[in-house]
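Computed over heavy atoms, backbone and side chain alike; hydrogens, waters and symmetry mates excluded. Quantities reported herein were computed from a predicted structural model and do not represent experimental measurements. Numbers restart at 1 for each chain; the letters A, B, ... are given by sequence-line order, proteins then strands.
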Amino acid sequence: MDLSHFPPIAERLIAWQKQHGRHDLPWQNTTDPYAIWVSEIMLQQTQVAAVIGYYQKFMQRFPTIASLAAASQEDVMQHWSGLGYYSRARNLHKAAQIMMAEHQGVFPRDFEAIQALPGIGRSTAAAISSFAFGLPQPILDGNVKRVFARYFLVDGWPGQPSVEKKLWQIAERMQPQTAMGTYAQALMDLGATVCVRSRPRCANCPLQEDCGALSMDRVSELPASKPRKTIPEKTVQMLVMTHGNRVLLQKRPDSGIWGGLWSLPELELGQDSQAWGKQTMGLDGHAPASLMRLTHVFTHFKLHITANHMPVAALPLQAQEPGWHWMPLDVAIDAALPVPVRKILQALAAQQHGAASAKQRQLALV
DNA sequence: AAGCCGGGGAT
DNA sequence: ATCCCAGGCTT
């Protein structure tokens with residue numbers, strides 16, 4: 001690829017960053033590789049605004065590699081609950097334990113060693129290397145892909161391997177050998193605040209004089225968007241079994257959707273709740289009551305959930321199956337749950353609270 | 001190369 | 001309703 005007719009951009013970007021970039025995010029103004037690592041993992045496929053609160057709580061609870069490595073998976077997952085892509089949390093936890101066992105509890109400084117840790121790919125390893133250690137490794141996240149696709153007129157969807165390969169080559173060619181952290185931050189900040197997806201602010205861009213897409217009037221069509229397919233839809237029934245103030249939850253396996261989180265038992269749509277409770281748990285449930293319906297959209301499918309509430313009067317011993325847990329409702333709501341499950345339990349809590357208040361009012365009248 | 005893995009912000 | 005976000009891992 002011939003990039004010779006493009007002037008170097010690093011110096012302009014670095015100068016722009018010092019004046020117009022972001023400087024006060026919670027994970028900036030530190031060279032602690034642990035803090036930078038945690039932020040980079042949280043920021044994978046997740047916007048800055050969504051991360052800030054999670055980051056602060058996570059760092060307060062797990063301030064060091066050692067504290068994270070020593071924590072239970074349950075504790076780690078609880079601090080990730082709601083953020084999505086839960087393999088990130090499991091890999092973060094696992095990588096901390098690897099660092100304790102194989103790197104003397106110190107974050108490795110070698111680029112290959114960093115990238116070898118679970119959950120850290122080339123771009124994340126490069127970001128950590130630049131910010132924490134000043135290594136000249138190019139990053140290539142969504143922001144950088146957009147900036148380069150426009151500036152260098154790269155056609156095709158950046159998720160396509162052939163297109164991504166071109167973009168990595170550009171990233172390598174543009175990579176400066178000084179001020180690596182500032183340069184990486186400049187690319188991200190330019191993409192996040194100026195070279196945004198829709199209606200970019202080209203008049204404020206330090207690269208406007210020689211941007212390929214701007215000169216060709218192709219800014220709005222680059223980068224090419226992902227070819228979209230219709231996603232399948234699934235319907236499930238989630239059963240909320242309660243005994244007194246406790247609710248039955250099931251720990252999901254690490255692999256698959258919502259891995260490592262607590263969830264509700266799932267039945268097929270027409271499946272009979274009472275029969276299911278009797279067969280799998282040996283429980284006699286009351287007639288199930290419709291609690292709520294909701295639709296949850298994932299990247300690759302849409303899930304229609306019907307939540308039914310079935311109280312059980314007695315709890316025989318065979319109801320204590322491994323992997324299942326009768327959890328007090330107030331505890332369950334703060335556990336590591338998927339978002340729709342938390343919504344269902346909150347609806348149940350609201351309903352029970354309402355019923356309790358009604359009873360109180362009734363008693364007050366007597 | 002394509003699929004899997006979440007939840008939310010922006011438009 | 002659609003796109004995409006400081007992507008990586010598995011098949």
Side-chain angles (χ1 to χ4, degrees), chain A residues 21-22 25-28 36-55 77 80-92 94-95 114-131 138-147 149 156-165 167-168 171 181 184-193 196-200 220 223-232 252-261 263 294-303 336-343:
Chain A
R22 298 173 290 188
L25 296 171
W27 45 85
Q28 292 182 312
I36 293 165
W37 170 47
V38 171
S39 74
E40 290 300 329
I41 301 301
M42 285 191 174
L43 287 160
Q44 287 172 358
Q45 295 294 289
T46 310
Q47 294 181 182
V48 166
V51 164
I52 291 177
Y54 280 89
Y55 175 81
M77 298 311 291
W80 209 272
S81 176
L83 198 52
Y85 284 141
Y86 298 97
S87 67
R88 295 184 296 174
R90 298 194 303 272
N91 283 332
L92 198 70
K94 195 182 308 174
I114 295 171
Q115 198 179 335
L117 293 165
I120 302 182
R122 179 174 177 183
S123 188
T124 298
I128 298 169
S129 298
S130 302
F131 295 137
I139 61 167
L140 189 64
D141 62 14
N143 291 311
V144 185
K145 287 175 178 174
R146 188 169 51 252
V147 171
W157 173 53
Q160 185 81 20
S162 59
V163 179
E164 189 167 11
K165 186 178 172 185
L167 292 167
W168 272 117
Q185 192 67 50
L187 281 171
M188 292 176 175
D189 287 1
L190 188 71
T193 65
V196 293
R197 184 166 63 88
S198 57
R199 298 168 53 88
S220 63
S225 55
K226 175 180 181 164
R228 75 159 177 285
K229 315 178 174 177
T230 59
I231 59 175
R252 299 182 65 92
D254 277 353
S255 63
I257 201 84
W258 295 331
L261 299 188
S263 192
L294 63 161
T295 299
H296 195 71
V297 182
F298 296 90
T299 311
H300 50 300
F301 67 95
K302 182 184 285 192
L303 186 64
L337 304 176
V339 163
V341 173
R342 174 166 288 111
K343 286 179 181 170

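Between A:S198 and A:G259, it is A:G259 whose nearest contact on DNA chain B lies nearer the 5' terminus. When each of A:S87 and A:S162 is assigned the nucleotide of DNA chain B with its nearest heavy atom, A:S162 is the one assigned upstream, toward the 5' end. Nearest-nucleotide positions on DNA chain C for A:Q47 and A:A125 put A:Q47 closer to the 5' end.
Rounded to an integer number of Å, the gap from CG of A:L43 to P of B:dG9 is 15 Å. The NZ atom of A:K226 sits 12 Å away from the C1' atom of C:dC5 (whole-angstrom rounding). The nearest whole Å value for the distance from the CZ atom in A:R122 to the C1' atom in C:dC9 is 17 Å. Atom pair A:I231:CD1 and B:dG7:P shows a separation of 14 Å (rounding to whole Å applied). Going from atom CD1 of A:I139 over to atom P of C:dC5 covers 13 Å, rounded to whole Å. Distance A:Y86 OH to B:dC4 C1': 15 Å, rounded to the nearest Å. We find that CG of A:L83 is positioned 13 Å from C1' of C:dA6, with the value rounded to whole Å.
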TODO: Take A:T124 and A:I41 through the side-chain contact (heavy atoms from CB on, under 4.5 Å) test and state the conclusion after the steps.
DONE: CA-CA 8 Å; A:T124 298; A:I41 301 301; 4.1 Å; yes
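In terms of modelled atom types and a separation under 3.5 Å, the side chain of A:S39 and the main chain of A:W37 share no donor-acceptor contact.
Side-chain contact between A:Y85 and A:T299: present, with at least one pair of heavy atoms (C-beta onward) separated by less than 4.5 Å.
Contact annotation: A:K145 side-chain N/O to C:dA6 OP1/OP2 distance is not under 4.0 Å. Look at A:Y54 and you won't find any side-chain N or O under 4.0 angstrom from OP1 or OP2 of B:dG7. For A:H296, a side-chain nitrogen or oxygen approaches OP1 or OP2 of B:dG7 to under 4.0 Å. Note on A:R199: every side-chain N or O is 4.0 Å or more away from OP1 and OP2 of B:dA10. Close to B:dG7, at under 4.0 Å from its OP1 or OP2, lies a side-chain N or O of A:W258.
Counting any heavy atom pair closer than 4.0 Å across all strands shown, A:G256 reaches sugar-phosphate atoms only and no base atom. Residue A:Q185 is in base contact, counting any heavy-atom pair closer than 4.0 Å across all strands shown.
C:dG8 and B:dG9 are spaced 22 Å apart, taking the C1' atom of each and rounding to whole Å. When the C1' atom is compared between C:dC9 and B:dG8, the two are found 23 Å apart, to the nearest whole Å. Comparing B:dG3 with C:dA6, their C1' atoms are spaced 23 Å from each other, to the whole Å.
Between the base of C:dG8 and the side chain of A:S123 there is no donor-acceptor pair shorter than 3.5 Å. Evaluation of atom-type donor-acceptor distances gives a pair under 3.5 Å for the side chain of A:R22 against the base of C:dA6. For A:T124 and C:dG7, a side-chain-to-base donor-acceptor distance below 3.5 Å is absent, hydrogens and geometry of angles not being considered.
Among the nucleotides C:dG7, B:dG6, C:dC4, the one closest to any side-chain atom of A:F298 is B:dG6. Residue A:S225 places its side chain closer to C:dC4 than to any other of C:dC4, B:dG7, C:dC5. Out of C:dC5, B:dG7, B:dC4, the shortest distance to the side chain of A:H300 is found at B:dC4. Closest to the side chain of A:R228, out of C:dC3, B:dG7, C:dA6, is C:dC3. Side-chain proximity of A:Q44 to the nucleotides C:dC3, C:dG8, B:dG7 is greatest for C:dG8. Of all nucleotides listed (C:dA6, B:dG3, C:dG7), B:dG3 comes nearest to the side chain of A:K229.
Taking the six-membered ring for Trp and thresholds of 30 and 60 degrees, A:Y55 and A:W27 have ring planes more than 60 degrees apart, a perpendicular arrangement.
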